[in-house]
Colleague: 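Before we start, here is the structure in question, set down as structure tokens.
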Amino acid sequence: MFGKLKEKLNSFVDKVAQTEISEKDVNNALDELEWELLEADVAFEVVEELKERIKSELVGRKVKIGTNKRKIVEDAVEKAVLDVLTPQRKINIIEEIRSKTEKPYVIAFVGFNGSGKTTTIAKLANYLRKHGLSVVIAASDTFRAGAIEQVEEHAKRVGVRVIKHRYGADPTAVAYDAIHHAKAKGIDVVLIDTAGRNELNRNLMDEMKKIVRVTKPDLVIFVGDALAGNAIIEQARQFNEAVKIDGVVLTKLDADARGGAALSIGHAIGAPILFIGVGQGYDDLKEYDEKWMLEKIFG
Ligand code: GDP
């Protein structure tokens, strides 16, 4: 998205007055920028925030003849974008798990079908095992045909056990069993796979609320597909209303060149991005790093 932004920046720089940057210069350029950002699926309120931040960096700034104007403007835009990409609160999942006195640490995953939820659970299981933690998965999507086999297949590949019941069973009972199993065996982490929602299905939402109410997870993670653009902001808001979301995994960033979702989601629900998915393999999960994201966006 910001590849184009750079082009816009060039004309922006040309418009900026020689000696002092006026509000008018900045406003004119920002109006052009606004469309680019909205088209790249950056949420409206985030666009406004970026504009305000860029303005406060630049308006009234004295530019000495001979200084590199382009650099000043580029730095201001990059700083504004980095500020928006930086979560107000960070969660170090490994430290959190290790510091919990009573095992297991429970993570519930929520998200729409096809967002990459099951793959992300397997990736995270793999990641946790690499950090020396033991993991069990609760196959609490007892709703969608094939969901249990799918999670079992992934789990087998990353060497993790799955606790399952039959289709149609109470998802909360499955999660409860998995937690019980982890307690008995001294397993560090339980990852709960909940049924994905294609649309806001009332029953499935109620079921998800029940899982969260009964199992009291340490962390509720929303898995969102970066390719869904602005739609994932609305999805995240809806899930956040139903069950409070603590953190986000954004998937398919290998395929998304725009990064609008990454800019918008933290603002929309006030929860940090914890990890990003950058491919279909089990190692394609990266800890979220705003500097990496900035690089990708400005690419
Ligand atoms: P679920 O329905 O939410 O459980 O989604 P799945 O985990 O089955 O994933 C749906 C599709 O997205 C699968 O083909 C995954 O391989 C793919 N996928 C998941 N995460 C990523 C990612 O980070 N990058 C890419 N390119 N594909 C992904």
Side-chain angles (χ1 to χ4, degrees), residues 1-5 8 26-27 29-58 75-93 109-112 115-117 120 197 200 219-253 255-278 286-299:
M1 119 176 91
F2 285 91
K4 272 218 173 140
L5 174 59
K8 294 281 164 192
V26 180
N27 276 343
L30 285 181
D31 284 345
E32 287 182 35
L33 196 65
E34 179 167 349
W35 280 111
E36 295 297 328
L37 293 171
L38 289 172
E39 269 179 23
D41 288 331
V42 181
F44 181 73
E45 60 264 43
V46 176
V47 174
E48 290 301 307
E49 163 135 18
L50 277 170
K51 283 168 61 184
E52 280 314 308
R53 282 176 188 265
I54 294 170
K55 252 197 223 174
S56 74
E57 280 289 313
L58 288 179
D75 285 353
V77 175
E78 286 203 11
K79 182 172 180 301
V81 173
L82 186 64
D83 283 350
V84 170
L85 287 171
T86 305
Q88 285 168 354
R89 195 172 67 92
K90 292 199 176 184
I91 299 174
N92 182 325
I93 209 165
F109 291 79
V110 301
F112 274 39
S115 60
K117 184 162 49 60
T120 298
R197 277 87 189 141
L200 280 185
L219 210 60
V220 176
I221 291 185
F222 168 75
V223 180
D225 175 350
L227 296 176
N230 234 333
I232 83 159
I233 305 304
E234 199 39 47
Q235 292 170 13
R237 282 202 176 112
Q238 289 166 348
F239 278 107
N240 196 36
E241 266 173 34
V243 288
K244 203 188 142 303
I245 293 169
D246 302 303
V248 175
V249 177
L250 264 190
T251 64
K252 308 185 196 177
L253 269 168
D256 174 51
R258 299 176 302 178
L263 271 166
S264 306
I265 198 147
H267 268 252
I269 58 169
I273 302 173
L274 306 178
F275 293 95
I276 54 174
V278 290
K286 280 174 69 73
E287 287 157 26
Y288 175 73
D289 170 13
E290 55 273 9
K291 298 233 170 67
W292 182 92
M293 201 63 230
L294 185 77
E295 282 277 301
K296 180 166 167 65
I297 285 174
F298 278 92

Colleague: Please say which of T86, L85, D289 ends up in a side chain to side chain contact (heavy atoms under 4.5 Å, CB included) with L294.
Modeller: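 The residue from T86, L85, D289 that satisfies side chain to side chain contact (heavy atoms under 4.5 Å, CB included) with L294 turns out to be L85.
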
Colleague: Is there side-chain contact between L274 and Y288, with heavy atoms separated by less than 4.5 Å?
Modeller: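 L274 vs Y288: side chains apart.
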
Colleague: Would the distance check show the side chain of S56 and the main-chain N or O of R53 forming a donor-acceptor pair, the cut-off being under 3.5 Å?
Modeller: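 Yes, S56 side chain to R53 backbone: donor-acceptor pair under 3.5 Å.
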
Colleague: Are the side chains of L50 and L33 in contact, using a 4.5 Å heavy-atom criterion?
Modeller: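 Counting from C-beta outward, L33 and L50 never come under 4.5 Å.
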
Colleague: Who pairs with D75 by side-chain hydrogen bond (donor to acceptor under 3.5 Å, both in side chains), at least two apart in sequence or on another chain?
Modeller: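 Expected list: K71.
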
Colleague: Would you list the pairs meeting salt bridge (charged side-chain N to carboxylate O under 4.0 Å, His left out) in which at least one residue belongs to residues 221-233, sequence neighbours left out?
Modeller: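 Non-adjacent pairs meeting salt bridge (charged side-chain N to carboxylate O under 4.0 Å, His left out): D225-K252.
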
Colleague: List in chain and number order the residues that pass side-chain contact (heavy atoms from CB on, under 4.5 Å) with L38, two or more places apart in sequence or in another chain; answer none if no residue qualifies.
Modeller: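 Checked L38 against side-chain contact (heavy atoms from CB on, under 4.5 Å); matches are E34, F44, V47.
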
Colleague: L30 and K51: which non-hydrogen atoms are nearest, and at how many Å?
Modeller: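 Smallest interatomic distance, heavy atoms only, reads CD1-O, 3.7 Å.
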
Colleague: Checking A76 now: which residues fulfil side-chain contact (heavy atoms from CB on, under 4.5 Å) with it, not counting sequence neighbours?
Modeller: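 A76: side-chain contact (heavy atoms from CB on, under 4.5 Å) contacts with E57, L58.
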
Colleague: Hey, is the main chain of S115 close enough, under 3.5 Å, to the side chain of T251 for a donor-acceptor pair?
Modeller: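 Confirmed, T251 side chain pairs with S115 backbone.
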
Colleague: If we ignore hydrogens and angles and just use 3.5 Å, is the side chain of K296 paired with the main-chain N or O of L253 as donor and acceptor?
Modeller: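 Side chain of K296 to backbone of L253, a donor-acceptor pair under 3.5 Å: yes, one is there.
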
Colleague: What pairs with K90 under side-chain hydrogen bond (donor to acceptor under 3.5 Å, both in side chains), at least two apart in sequence or on another chain?
Modeller: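 Expected list: E290.
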
Colleague: For I269 versus I245, what's the shortest heavy-atom pair and its separation?
Modeller: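 Taking every non-hydrogen atom into account, CD1-CG2, 4.0 Å.
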
Colleague: E52 versus E49: any side-chain heavy-atom pair under 4.5 Å?
Modeller: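 Of all side-chain heavy-atom pairs linking E49 with E52, none is under 4.5 Å.
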
Colleague: According to the interplanar angle, ranging from 0 to 90°, do the rings of F239 and F112 count as parallel (below 30°), tilted (30 to 60°) or perpendicular (above 60°)?
Modeller: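 Correct class here is perpendicular.
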
Colleague: With sequence neighbours left out, write down each residue that passes side-chain contact (heavy atoms from CB on, under 4.5 Å) with E287, or none if nothing qualifies.
Modeller: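 side-chain contact (heavy atoms from CB on, under 4.5 Å) list for E287, sorted by chain: Y127, F275.
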
